[in-house]
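Working notes for the structure below.
Note that the structure is predicted; figures quoted are calculated from it, not measured.
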Amino acid sequence: MKRVIAGVLILAVLLTACGGFRRGNDNQYYDPVRARYFEGHDGVQMFFDQIPPRLFYYGNAPQSAANDFPVSIELRNEGSSYTRGGIFLSGYDPNLIMFDEIPIAMSFPGACSFRIGDWSLNELGFFVQCGDDFTWRGSEENLIDMISFHGITWFDDILGDIDFMYQNTGAGDRWDINFGGMDIGLREHGLALIATLSGLSFNKFLGREYVLAGDTYEYPGGEIEYVEFNGHIINWPQGTDEIDQTFLVTNCYMYTTFAAPTVCIDPQPYSENRKVCNPQVATWGRGQGAPVAVTRVTQENTPRTAVFHIEVANMGQGTVYDAGMLEKCSPYYPGGARSSDLNIIWFPDVRINNRGLDCTPRHFVRLDQSGRGSFTCTYPIEYAELNSAYQTPLVIELWYGYSETMERRVRVKRVT
């Protein structure tokens with residue numbers, strides 16, 4: 001009897017725990033094992049690892065190294081996407097402080113911009129503009145051997161086997177990337193975005209670039225990196241003993257959100273026959289391991305089509321950028337970013353099985369002032385003659401740029 005009572009109590013505790021876990025997410029197909037890696041609203045988190053609480057200027061120091069100091073930033077990719085980004089340090093007086101890694105006096109080239117085009121399962125088309133400092137070398141059948149923007153070659157060993165094609169169209173120079181040689185699991189979690197935008201350069205506008213793996217099955221916990229700056233107090237204004245300086249750190253990075261809710265395809269929505277499923281509203285309370293989340297998918301079935309209304313939102317603490325305009329995220333970009341460069345979410349991959357859905361608007365949605373947006377996608381039912389419903393995943397991938405800032409105030413004191 002004691003064993004029976006203990007077993008009942010343990011079962012009750014387990015059911016309560018599972019029930020409590022499920023109540024935080026209204027999606028009936030919620031998988032707590034998968035959610036270990038695909039929950040939350042964090043992307044790349046940054047922290048001050050090393051910065052002196054107070055700096056001292058030695059005017060009569062025998063060695064200039066006495067006025068040197070380090071600034072170190074810790075980066076943690078706590079989301080579920082591969083990412084490539086840049087760290088920018090600004091806010092300080094360049095007449096007082098200089099960093100080896102930030103040659104502010106340099107002349108800046110123009111920013112590159114990308115506009116997404118048509119997308120299929122293995123191929124993405126887009127238009128690119130990078131000013132005059134743009135070179136490429138082609139071979140037979142318009143296959144691209146090399147593309148370079150401002151001296152940055154558009155290839156990376158981590159991207160796997162991808163092919164570039166070029167076409168001259170009435171809308172401009174169109175470039176196509178074929179991802180057939182890339183593992184689809186990696187492609188869906190950031191590497192396809194990195195490949196597409198590898199022509200963008202964060203170094204060009206005085207950033208320190210990084211690439212980090214996310215918190216996934218392959219890399220539990222996510223990748224960590226440290227970005228270091230070597231600072232020097234190079235001058236001191238006459239008549240002052242103390243000066244306050246603010247170091248502003250800006251993190252700009254590209255990121256993806258992946259969601260694959262199981263949906264119900266019903267070719268006979270008005271039938272009273274017994275069915276294995278019915279169209280449901282899927283919602284997510286905990287996100288998908290990224291700062292931008294798919295928050296709700298509403299489904300409506302007709303005998304010939306399934307219509308999905310997909311809602312997205314910026315659930316993080318930062319600013320959403322058009323991924324193709326991410327070079328303008330730098331605080332050193334002349335003129336800064338415009339409103340038209342912000343709050344753009346691309347959705348290059350919305351499909352059921354290997355069939356892409358027709359969506360409105362076509363390729364991207366602009367978030368409103370509350371950080372929310374929506375788009376509608378239609379799936380022509382392929383097996384319309386079936387008399388029974390069936391379940392299948394709806395794959396949704398979002399691409400975007402993201403930016404967050406932090407600051408630290410430091411007092412600089414003259415000693416001699």
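N353 places no side-chain N or O within donor-acceptor distance of the main-chain N or O of R355, the cut-off being under 3.5 Å. Side chain of S80 to main chain of G289: a donor-acceptor pair is present (N/O by atom type, distance under 3.5 Å, no hydrogens or angles). Between the side chain of T250 and the main chain of P331, no donor-acceptor pair closer than 3.5 Å is present. D93 places no side-chain N or O within 3.5 Å of a backbone atom of I97 that could act as its donor or acceptor partner. Of the possible donor and acceptor atoms, none in the side chain of N343 sits under 3.5 Å from a partner among the backbone N and O of L367. The main-chain N or O of L248 is never found under 3.5 Å from a side-chain atom of E407 such that the two would form a donor-acceptor pair.
Under the 6.0 Å cut-off for aromatic ring centres, F69 and F99 qualify, their centroids lying closer than that. Ring centroid separation for the pair Y57 and W236 comes in under the 6.0 Å cut-off. Under the 6.0 Å cut-off for aromatic ring centres, Y379 and F308 do not qualify, their centroids lying 6.0 Å or more apart.
If you check the side chains of R296 and T283, you find no donor sitting under 3.5 Å from an acceptor. Between the side chains of N77 and Y210, no donor-acceptor pair of N or O atoms lies under 3.5 Å. A donor-acceptor pair shorter than 3.5 Å can be found between the side chains of N301 and Q299. A donor atom on one side chain and an acceptor atom on the other are found under 3.5 Å apart for E101 and N230. Side-chain contact, T376 with H309: a donor N or O sits under 3.5 Å from an acceptor N or O. Side-chain contact annotation: H232 with D68, donor-acceptor N/O pair under 3.5 Å present.
Ring geometry, F375 versus F347: the interplanar angle falls under 30°, so the pair is classed parallel (tilted spans 30 to 60°). The aromatic rings of Y400 and Y255 are tilted relative to each other, their planes meeting at an angle between 30° and 60°. Using bins of under 30°, 30° to 60° and over 60° for the plane-to-plane angle, the ring pair Y333/F205 lands in the perpendicular bin.
Inter-residue side-chain proximity for T83 and V211 is flagged as unmet; no heavy-atom pair is nearer than 4.5 Å. With contacts defined as side-chain heavy-atom distances shorter than 4.5 Å, the pair D49/F47 does not qualify. Counting heavy atoms from C-beta on, the side chains of T262 and T392 never come closer than 4.5 Å. The shortest distance between side-chain heavy atoms of I265 and I352 falls below 4.5 Å. A 4.5 Å side-chain heavy-atom check between V412 and E242 finds every atom pair outside the cut-off. Side-chain contact between Y226 and L75: absent, with no pair of heavy atoms (C-beta onward) separated by less than 4.5 Å. Using a 4.5 Å heavy-atom threshold, the side chains of P269 and T302 count as separate. Side-chain contact between M46 and I87 is present, with heavy atoms from C-beta onward closer than 4.5 Å.
Separation of atoms CG (N273) and CD (Q268) is listed at 8.5 Å; rounding is to 0.5 Å. To the nearest 0.5 Å, atom OG1 of residue T298 and atom CD1 of residue I310 are 9.5 Å apart. How far CG of L191 is from OH of Y82: 5.5 Å, rounded to the nearest 0.5 Å. Taken to the nearest 0.5 Å, the CZ atom of F88 stands 9.0 Å off from the CG atom of N251. To the nearest 0.5 angstrom, T305 atom OG1 is 8.0 Å from E300 atom CD. Here the CD-NE2 distance, from Q317 to H41, works out to 10.5 Å after rounding to the nearest 0.5 Å.
Of all heavy-atom pairs spanning A306 and I381, the tightest one is N-CG1, 4.1 Å. Between G324 and L200, the shortest heavy-atom distance links the atoms O-CD2, 4.2 Å. Heavy-atom minimum distance, A213 versus E223: N-OE1, 2.9 Å.
The pair E209-R84 counts as a salt bridge, with a side-chain nitrogen and a carboxylate oxygen less than 4.0 angstrom apart. Taking 4.0 Å as the cut-off between side-chain N and carboxylate O, E74 and R76 count as a salt-bridged pair. One finds a salt bridge joining K204 and E327 here, because a Lys/Arg side-chain nitrogen approaches an Asp/Glu carboxylate oxygen to under 4.0 Å.
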Exercise. Show your working on salt bridge (Lys or Arg N to Asp or Glu O under 4.0 Å) between E311 and R372 and close with a plain yes or no.
Key: CA-CA 7 Å; E311 300 178 28; R372 299 182 178 275; 5.9 Å; no
Self-check item: Derivation and outcome, side chain to side chain donor-acceptor pair (under 3.5 Å), residues D266 and Y390
Solution: CA-CA 7 Å; D266 188 357; Y390 59 92; over 6 Å; no
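Judged by the 6.0 Å and 45° rule, R208 forms a cation-pi pair with F229. Geometrically, R408 does not engage F247 in a cation-pi contact, judged by NZ or CZ lying under 6.0 Å from the ring centre and within 45° of the ring axis.
Residue pairs that meet the disulfide bond (SG atoms under 2.5 Å apart) test with at least one member in residues 306-350, sequence neighbours left out, are C252-C329.
The 12-atom threshold is exceeded at CG of N235, counting heavy atoms of other residues, nucleotides or ligands nearer than 6.0 Å.
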